[in-house]
Amino acid sequence: MRRDLERSVRGATIVRARADDPLIIEPVTSRKLKRVLRGQTLESLGRCGKVLILGVSGGWSVLQRFGMTGQMYPLPAGAPLPPHTRMVWELGDGRRLVYRDARRFGETRLVKTADLAEALAGVCRLGHDALDAELSAAEFSALLADHATPIKTFLLDQTHLAGIGNIYASEILHRARLSPLRPANSLDAQERRLLQRLIREVLAEAVAAQGTTISDYVTGAGETGGFQKFLRVYGREGERCRRRGCGGTVKRIVQAQRSTFYCPKCQK
DNA sequence: GATAATGTTCGATC
DNA sequence: AGATCGAACATTAT
């Protein structure tokens, strides 16, 4: 989404903006958002974990979380607003950048760009970005060592590593042949290295495939993703494990109130 | 009608 | 103090 938007709307002028009111959590409301964005330029599109960072001239950044059903993409000039549109930025060329979110689990925040790092770590409580290659093996190991919680639950916790969602947590563990029930601190050095590698591999492949569309996700161009075609366990309860030569059956369990899919035969 | 869904936060309870 | 669990948020689809 970030990459699509960088290509299509970076540098655009924000003629005017509007947003639904329950949308803006920090620090104020749609009135402030409107005032801050009017006439500014959308200078940069960044990301930390699952948070999109829209950098605007005038010293402000808009942080957007998407929850389960959030979408953001530019509409061609003249196109009607789709249902559940919560925020609209009118751009200089007549296009409208829209944020829509049927379930309203998403969240928009407004922060001073100077306070960005502080906000991501503080209000957003984000840990190290899961795709950031800067995290050393030793640092990754140290994160795991502190926690006896099941590894699946650990991967989902954005305060440890930011950016892994429920689909990718199951997919990563399947590829790493690790049971989702293993306590995070029970992995040996080899397993930790494998896991760290597969976190980056699976996320990178998913990004290359434009994300996973089960029902709502769309790219920053408003199109469905393609990674759902490559899922090995997620959503496949009762079906055959896709690992070559395994022959096991994918099982669904619930951990921390979320579905986990795994193959008990090849994931230990 | 019941259930589940790509997510996070809150309060209660270890 | 820190971890962990269930409920809650709102909407759609099966």
Side-chain angles (χ1 to χ4, degrees), chain A residues 1-2 20-26 47-52 63-73 82-87 99-109 119-127 130-131 143-174 180-186 199 202-203 205-207 209-220 222-238 250-261:
Chain A
M1 195 187 292
R2 188 204 69 76
D20 288 358
D21 244 323
L23 186 70
I24 308 302
I25 311 297
E26 281 289 316
R47 177 193 65 77
C48 182
K50 307 178 193 175
V51 176
L52 181 69
L63 307 186
Q64 185 66 55
R65 273 205 310 107
F66 292 90
M68 305 269 242
T69 54
Q71 307 179 336
M72 184 176 276
Y73 54 88
H84 308 300
T85 296
R86 313 295 183 194
M87 177 164 69
Y99 165 62
R100 41 192 311 242
D101 183 5
R103 288 175 74 178
R104 298 173 188 257
F105 285 177
E107 215 174 59
T108 307
R109 301 184 122 103
L120 292 171
V123 200
C124 300
R125 307 233 61 89
L126 296 186
L131 255 180
L143 286 178
L144 294 175
D146 279 347
H147 303 277
T149 187
I151 186 66
K152 159 64 165 31
T153 309
F154 177 91
L155 291 179
L156 234 39
D157 188 331
Q158 304 298 302
T159 67
H160 303 319
L161 279 180
I164 302 171
N166 203 36
I167 295 172
Y168 302 130
S170 282
E171 293 298 311
I172 287 162
L173 291 172
H174 179 258
L181 299 162
R182 288 275 299 279
N185 58 10
S186 76
I199 287 171
V202 170
L203 292 181
E205 280 180 37
V207 169
Q210 309 259 55
T212 307
T213 302
I214 305 281
S215 67
D216 293 278
Y217 175 75
V218 295
T219 67
E223 290 160 0
T224 57
F227 197 70
Q228 62 280 3
K229 289 178 268 187
F230 304 106
L231 298 177
R232 300 193 187 173
V233 284
Y234 185 86
R236 300 189 60 247
E237 183 181 19
V250 176
K251 190 175 174 190
R252 173 186 176 272
I253 60 174
V254 173
Q255 295 179 286
Q257 286 114 258
R258 310 295 302 278
S259 287
T260 299
F261 297 89

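In what follows, chains carry the letters A, B, and so on, assigned in the order in which the sequence lines appear, proteins first and then strands, with residues in each chain numbered from 1. These numbers were taken from a predicted model, which means no experiment stands behind them. Atoms considered below: every heavy atom in the structure, side chains included; atoms not considered: hydrogens, waters and symmetry mates.
- Distance from the side chain of Thr149(A) is smallest for dT4(C) among the nucleotides dT12(C), dT4(C), dA4(B).
- Using a 3.5 Å distance cut-off with no hydrogens or angles, the side chains of Gln228(A) and Thr212(A) do not pair a donor with an acceptor.
- One atom, CG of Asp216(A), and another, P of dT12(C), lie 10 Å apart when rounded to the nearest Å.
- The CG-C1' distance, from Asp101(A) to dC9(C), rounds to 11 Å in whole Å.
- Place Ala102(A) and His147(A) on DNA chain C by their nearest nucleotides, and His147(A) ends up nearer the 5' end.
- Here the C1' atom of nucleotide dA5(B) and the OH atom of Tyr217(A) are 17 Å apart, to the nearest Å.
- Helical stems in DNA chain C, defined as runs of 3 or more consecutive Watson-Crick or G-U wobble pairs with both donor-acceptor distances under 3.5 Å, are listed by first residue as B:2-5 with C:11-14, B:7-14 with C:2-9.
- Judged purely by distance below 3.5 Å, without hydrogens or angles, the side chains of Thr219(A) and Gln210(A) never pair a donor atom with an acceptor atom.
- Per the stacking criterion (ring centres < 5.5 Å, plane angle < 30°), Phe105(A) stacks onto the base of dC9(C).
- If you take CD of Gln255(A) and C1' of dT4(C), they are 13 Å apart, rounded to a whole angstrom.
- For dG7(B), neither phosphate oxygen OP1 nor OP2 lies less than 4.0 angstrom from any side-chain nitrogen or oxygen of Arg65(A).
- Side-chain contact check for Arg103(A) and Thr69(A): no donor-acceptor pair (N or O, by modelled atom type) lies under 3.5 Å.
- Between Arg125(A) atom CZ and dT9(B) atom P there is a gap of 9 Å when expressed in whole angstrom units.
- Under 4.0 angstrom from either OP1 or OP2 of dA4(B) there lies no side-chain N or O belonging to Ser259(A).
- Heavy atoms of Arg100(A) sit nowhere under 4.0 angstrom from any nucleic acid atom.
- Between Asn166(A) atom CG and dA4(B) atom P the separation is 14 Å, expressed in whole Å.
- In this structure a side-chain-to-backbone donor-acceptor pair under 3.5 Å is missing from Gln64(A) to Val51(A).
- Taking side-chain N and O atoms only, Arg104(A) has no distance below 4.0 Å to OP1 or OP2 of dT12(C).
- In this structure, CG of Asp20(A) is placed 13 Å from C1' of dA10(C), rounded to the nearest angstrom.
- The closest donor-acceptor contact from the side chain of Arg86(A) to the backbone of Ala102(A) lies under 3.5 Å.
- The CG-C1' distance, from Leu156(A) to dG7(B), rounds to 8 Å in whole Å.
- Relative orientation of the Phe154(A) and His147(A) rings is tilted, given thresholds of 30° and 60° on the angle between their planes.
- Without hydrogens or angle criteria, Arg47(A) side chain to Gly49(A) main chain gives a donor-acceptor distance under 3.5 Å.
- Looking at Arg103(A), its side chain comes within 3.5 Å of the base of dA10(C) through a donor and an acceptor atom.
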